[in-house]
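So the structure is just underneath, and the comments pick up after that.
Bear in mind the structure is a predicted one, so any value in this text is a computation, not a measurement.
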Amino acid sequence: MRPENIDVTGPPPRPSPDHSDCRAVASVLARVGDKWSVFVIMMLIDGPKRFNELKRMINGISQRMLTLTLRGLERDGLVTRTVFPTIPPRVDYELTELGRGLAEPVKALGQWAFTHLPEIEGARQDFDTRNAE
């Protein structure tokens, strides 16, 4: 008998004892789980949009919050910002390849929430009725 498979993979890496890997993942989840980030990603699924176009599409977002959200998404590599040298300057925002990869799970999560909204609202009412004092 001869050993045929000598390239045996080891066990999966263990979490860092200082939990730095958990903190790193938490920072990513905080970005992609933020409600404004989710809305921006959903609005950019169909292609590039201008700032004011996004602001009109996302009900309730302030100019400052949209600016901060877009900046954070750009920093994380999920959105690109393209400035066109026109007067006034035209700025488009678009999902990157990484952002498009995130768009599908975000879209699925949004669809799940929309589909189950009546059940969730019913559960909330039941809970509030049971815990009203």
State the [atom1]-[atom2] distance between [X] and [Y], to the nearest 0.5 angstrom.
{"X": "Arg100", "Y": "Ile45", "atom1": "CZ", "atom2": "CD1", "answer": "11.5 Å"}
{"X": "Thr80", "Y": "Leu73", "atom1": "OG1", "atom2": "CG", "answer": "11.0 Å"}
{"X": "Met43", "Y": "Arg56", "atom1": "CE", "atom2": "CZ", "answer": "13.0 Å"}
{"X": "Leu44", "Y": "Glu94", "atom1": "CG", "atom2": "CD", "answer": "8.5 Å"}
{"X": "Ile58", "Y": "Glu53", "atom1": "CD1", "atom2": "CD", "answer": "10.5 Å"}
{"X": "Phe39", "Y": "Met57", "atom1": "CZ", "atom2": "CE", "answer": "12.0 Å"}

Going only through I, L, V, M, F, W and Y residues with side-chain contacts under 4.5 Å, is there a path from [X] to [Y]?
{"X": "Val83", "Y": "Leu54", "answer": "yes"}
{"X": "Met65", "Y": "Val106", "answer": "yes"}
{"X": "Leu102", "Y": "Leu98", "answer": "yes"}
{"X": "Leu109", "Y": "Val40", "answer": "no"}

Start with the C-alpha gap between Leu70 and Leu66, add the side-chain angles, then the distance that decides, and say whether side-chain contact (heavy atoms from CB on, under 4.5 Å) holds.
CA-CA 6 Å; Leu70 287 165; Leu66 181 55; 3.8 Å; yes
More than 12 non-hydrogen atoms from neighbouring residues, nucleotides or ligands closer than 6.0 Å to [atom1] on [X], yes or no?
{"X": "Arg71", "atom1": "CZ", "result": "no"}
{"X": "Phe84", "atom1": "CZ", "result": "yes"}
{"X": "Asn59", "atom1": "CG", "result": "no"}

Indicate yes or no for a side-chain donor-acceptor contact from Asp76 to the backbone of Leu78 under 3.5 Å, with no hydrogens or angles considered.
no
Determine yes or no for a side-chain-to-main-chain donor-acceptor pair under 3.5 angstrom, with Thr96 supplying the side chain and Gly77 the backbone.
yes
For Asp128, is there an ion pair with Arg130 - N to carboxylate O distance below 4.0 angstrom?
no
Using distance alone, with no hydrogens and no angle criterion, decide if Thr115 and Gln111 have a side-chain donor and acceptor under 3.5 Å apart.
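A pair is found: one side chain offers a donor N or O, the other an acceptor, under 3.5 Å apart.
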Kindly determine whether Phe51 and Val91 satisfy side-chain contact (heavy atoms from CB on, under 4.5 Å), including the steps that lead there.
CA-CA 7 Å; Phe51 183 90; Val91 180; 5.9 Å; no
Looking only at heavy atoms, what is the nearest atom pair of Arg81 and Tyr93, with distance?
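Looking at all heavy atoms of both residues, the shortest contact is NE-OH, 3.3 Å.
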